[in-house]
Asker: 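There's a structure below that I have some questions on.
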Amino acid sequence: MRKKTYLKLVEYQTAQYRRHLCEVQGIYREMRGYKHDFHHHLQTLKGQLTAGETDRALEYIKQLDDQLMNVDTLIKTGNISLDAILSAKIAQAKAMGIPVTIHATVPEGLLISDLELSIVVGNLLDNAIEACAQIPEGRFIRIYMTMKGGMLYFSMLNSAGKKKGKKGSLFSSDKNGFHGFGLNRAEAILTEHGGWCKYNSEDGAFTSEFLVPALGDN
């Protein structure tokens, strides 16, 4: 890929993830608002039912249900920005019939920025979703994230088709023109922060793993 084309794609993807991160953070704040208002909703329903206004109470419940249907259940890792990007990508995967399991505990105040973390994790999940979408059955994505001292550790296993070949340090992709771009983007950000990432492709599965300094000296 020519450098000029690569830089334009980087710029486009960065803008896309910045916009996406703002959107999902807005969803997170909206969901927190629903939780805050839950007590008030119960009091309203209690008053309506006590007054014998059953039809009114049922209509109120319907309105609440319609609102909540537009807000996906959020992942809770302890890091709001990570919650946002994981929740959005996992909702996308589940909508495509891809079961996702996740175990993640990550604090706020990381050295890697919210945008960079969104790009890294988002690209890796995009790659996993793409791989799962290409197989008819046995789809899955399994994610594990935790802190190891001051380092952020990420591991993901996803179902895939046949073993992919490498071109240099990258695996091939079925996306025309930008083979392995997402993985390359993630690797560049992690390397810039003094971290590393590893990918492994086997028949039926693909693994992604990274470790990056994420907390300053205490």
Asker: Is there side-chain contact between I102 and L86, with heavy atoms separated by less than 4.5 Å?
Answerer: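 I102 vs L86: side chains touch.
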Asker: Side chains of L117 and L110: does their closest heavy-atom pair fall under 4.5 Å?
Answerer: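 Sidechains of L110 and L117: in contact.
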Asker: Would you call F210 and L152 a side-chain contact if the rule is heavy atoms closer than 4.5 Å?
Answerer: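 A side-chain contact exists here, since the closest heavy-atom pair is under 4.5 Å.
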Asker: Do T191 and W196 make a side-chain contact, defined as non-hydrogen atoms from C-beta onward lying under 4.5 Å apart?
Answerer: no
Asker: Counting distance only, does the side-chain N/O of D83 pair as donor-acceptor with the main-chain N or O of T77 below 3.5 Å?
Answerer: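 Yes: the side chain of D83 pairs with the backbone of T77.
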Asker: From L124 CG over to K89 NZ, what is the distance, rounded to the nearest 0.5 angstrom?
Answerer: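 Here the interatomic distance stands at 11.0 Å.
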Asker: Nearest 0.5 Å please: distance from the OG1 atom of T207 over to the CE atom of M156.
Answerer: 9.0 Å
Asker: So do the side chains of I189 and I112 get within less than 4.5 Å of each other, counting heavy atoms only?
Answerer: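 With C-beta onward as the side chain, the pair touches.
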Asker: Nearest 0.5 Å please: distance from the NZ atom of K94 over to the CD1 atom of I129.
Answerer: 11.5 Å
Asker: Calculate, to the nearest 0.5 Å, the distance between atoms CG and CD belonging to L190 and E116 respectively.
Answerer: 9.0 Å
Asker: With no hydrogens and no angle check, is any side-chain donor or acceptor of N127 less than 3.5 Å from a backbone partner on N123?
Answerer: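 Looks like no, no N/O pair under 3.5 Å.
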Asker: Under 4.5 Å between side-chain heavy atoms, counting indirect links through other Ile/Leu/Val/Met/Phe/Trp/Tyr residues: same cluster for L211 and L82 or not?
Answerer: no
Asker: Looking at L215 and E108, what are the two nearest heavy atoms and their distance?
Answerer: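 Minimum heavy-atom separation between L215 and E108: CD2-O, 4.5 Å.
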Asker: Name the atoms and distances for all side-chain donor-acceptor pairs under 3.5 Å in residues 136-143, with sequence neighbours left out.
Answerer:
residue : atom : partner : partner atom : Å
R139    : NE   : C132    : O            : 3.0
R139    : NE   : I135    : O            : 2.9
R139    : NH1  : M96     : O            : 2.9
R139    : NH2  : A133    : O            : 3.3
R139    : NH2  : I135    : O            : 3.2

Asker: Can you sort out the partners of P213 under side-chain contact (heavy atoms from CB on, under 4.5 Å), two or more places apart, ordered by chain and number?
Answerer: M151
Asker: Which heavy-atom pair separates K163 from D203 by the least distance, and what is that distance?
Answerer: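 Where K163 meets D203 most closely, the heavy atoms are N-OD1, 2.7 Å.
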Asker: For residues E187 and Y199, is any side-chain donor paired with an opposing acceptor at under 3.5 Å?
Answerer: no
Asker: Please check if I80 and L111 belong to a single hydrophobic cluster, counting links between Ile, Leu, Val, Met, Phe, Trp and Tyr side chain heavy atoms closer than 4.5 Å.
Answerer: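 No, separate clusters.
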Asker: For E130 and Q134, work out which heavy atoms get closest and say how close.
Answerer: O-CG, 3.3 Å
Asker: How long is the span from the CG atom in L49 to the CG atom in L58, to the nearest 0.5 Å?
Answerer: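 Here the interatomic distance stands at 8.0 Å.
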Asker: Please report the interatomic distance CZ(F154) to CE(M145), rounded to the nearest 0.5 Å.
Answerer: 6.0 Å
